[in-house]
Amino acid sequence: MEAVALTHPDAARLVEAVQEEYVARYGGRDETPLDPGEFAAGRGMFLVLYDGDRPAATGAWRWHADVAGVEQGSCAEIKRMYVAPAHRRRGHARRMLAELEQRASAAGARTMILETGLRQPEAITLYESAGYLPIPGFGHYRDAPLSRCYARVLSFAG
């Protein structure tokens, strides 16, 4: 697993693939504003997981202001979690999630938050099985009927 820039070619390809999946599932791309600088060292992190030499999964975290329903303190938001279809059902999503949590915690995050959607039941299952609990909507899709938001206090936060 490597920390890379959002603009790294492997990251860009996986981000485009997840956008195509959003179009198939929701009828449009994710319009959440993302600034590549939000994932620069000290501000967040963008990761690519490799299966051999092939980019298989991606995930990122960025700092986020506190949100309703979440313990106050340093809050990090997960973005662009995705596993390419040819690499699914190998534990890559769970590994990526754990890595994002550990790296955000090491940077000082106390809580992780995320937004997903009802047409991504496998993501909801993953997050709930990892201890994420529903919270009120936040961010770009806070009022979207298909949006679901979750949070988890990081047990290893120091």
Side-chain angles (χ1 to χ4, degrees), residues 1-8 10-12 14-23 25-49 57-83 92-158:
M1 191 160 331
E2 292 182 30
V4 301
L6 177 61
T7 56
H8 183 281
D10 293 337
L14 289 167
V15 167
E16 185 56 32
V18 74
Q19 290 287 11
E20 291 170 8
E21 190 141 340
Y22 295 147
V23 170
R25 292 184 187 216
Y26 297 100
R29 297 169 68 86
D30 180 351
E31 297 176 0
T32 302
L34 291 183
D35 173 358
E38 294 174 312
F39 306 104
R43 297 187 64 202
M45 184 172 291
F46 201 95
L47 299 173
V48 173
L49 182 148
T58 189
W61 69 267
R62 65 182 179 180
W63 292 113
H64 197 285
D66 293 332
V67 297
V70 174
E71 179 179 327
Q72 300 300 297
S74 298
C75 187
E77 179 187 15
I78 293 173
K79 294 302 300 173
R80 297 299 187 255
M81 277 274 300
Y82 175 72
V83 178
H92 294 325
R94 192 165 299 279
R95 183 172 165 215
M96 177 63 73
L97 181 60
E99 190 75 15
L100 291 169
E101 290 174 342
Q102 289 175 334
R103 291 189 187 212
S105 177
R110 294 175 37 95
T111 305
M112 294 295 280
I113 61 172
L114 63 93
E115 186 270 334
T116 190
L118 287 178
R119 294 185 180 155
Q120 295 167 266
E122 65 284 357
I124 290 171
T125 298
L126 170 69
Y127 298 133
E128 289 179 349
S129 73
Y132 283 77
L133 300 173
I135 61 170
F138 69 88
H140 189 77
Y141 293 102
R142 79 176 51 77
D143 298 318
L146 295 176
S147 175
R148 294 297 178 268
C149 295
Y150 291 88
R152 182 171 100 75
V153 174
L154 298 174
S155 59
F156 37 79

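Only heavy atoms go into these numbers, but all of them, side chains included; no hydrogens, no water, no symmetry mates.
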Closest approach of A130 and L97, non-hydrogen atoms and distance?
-> CB-CD2, 3.7 Å

State, yes or no, whether a side-chain contact exists between C149 and Y141 at a heavy-atom distance under 4.5 Å.
-> no

If you round to the nearest 0.5 Å, how far is CG of L126 from CZ of R94?
-> 5.0 Å

Would you say W61 and M45 make side-chain contact, with heavy atoms under 4.5 Å?
-> yes

In Å, rounded to the nearest 0.5 Å, how long is the span from CZ of F39 to OG1 of T7?
-> 11.5 Å

Which pair of non-hydrogen atoms, one from I135 and one from A151, has the smallest distance, and what is that distance?
-> CG2-CB, 3.7 Å

Looking only at heavy atoms, the pair that brings H140 and P33 closest together is ND1-CD, 3.8 Å

Below 4.0 angstrom, N of the basic side chain to O of the carboxylate: do E77 and R62 qualify?
-> yes

Hey, does L6 have a side-chain heavy atom less than 4.5 Å from the side chain of R80?
-> no

Can you see which heavy atom on A57 is nearest to which on H92, and at what distance?
-> CB-CB, 4.4 Å

Gap separating the NE2 atom of H8 from the CG atom of L14, nearest 0.5 angstrom = 10.5 Å

Side chain of S129, backbone of T125: donor and acceptor closer than 3.5 Å?
-> yes

Kindly give the heavy-atom pair with the smallest separation between R103 and L47, and that separation in Å.
-> NH1-CD2, 3.5 Å

Decide yes or no on ring pair (Phe, Tyr, Trp, His ring centres under 6.0 Å) for H64 and F138, but give the supporting numbers first.
-> CA-CA 10 Å; H64 197 285; F138 69 88; 5.2 Å; yes

Dump the intermediate steps for side-chain contact (heavy atoms from CB on, under 4.5 Å) on F46 and L34, then the final yes or no.
-> CA-CA 12 Å; F46 201 95; L34 291 183; over 6 Å; no

According to the ring pair (Phe, Tyr, Trp, His ring centres under 6.0 Å) rule, which pairs have a member within residues 105-137, sequence neighbours left out?
-> Y127-Y132

Value for CG (L133) from OH (Y150), rounded to nearest 0.5 Å, stands at 9.5 Å

Side chain to side chain, D10 and V4, heavy atoms closer than 4.5 Å | no

Ionic contact status for R152 with E128, cut-off 4.0 Å = no

K79 and E38: salt bridge (Lys or Arg N to Asp or Glu O under 4.0 Å), yes or no, with the steps?
-> CA-CA 11 Å; K79 294 302 300 173; E38 294 174 312; over 6 Å; no

W63 and S74 have their tightest heavy-atom pair at CZ3-CB, 3.9 Å

Pairs of donor and acceptor atoms involving the side chains of residues 114-124, under 3.5 Å and at least two apart or interchain, shall be tabulated with distances.
residue, atom, partner, partner atom, Å
E115, OE2, S147, OG, 2.7
R119, NH1, R25, O, 3.2
Q120, OE1, Y26, OH, 2.9
Q120, OE1, G117, N, 3.4
E122, OE1, R25, NH1, 3.3
E122, OE2, R25, NH1, 2.7
E122, OE2, R25, NH2, 2.8

Can you tell if the side chain of L49 reaches within under 4.5 Å of the side chain of E99, non-hydrogen atoms only?
-> no

Indicate yes or no: at least one non-hydrogen side-chain atom of V18 is less than 4.5 angstrom from one of T58.
-> no

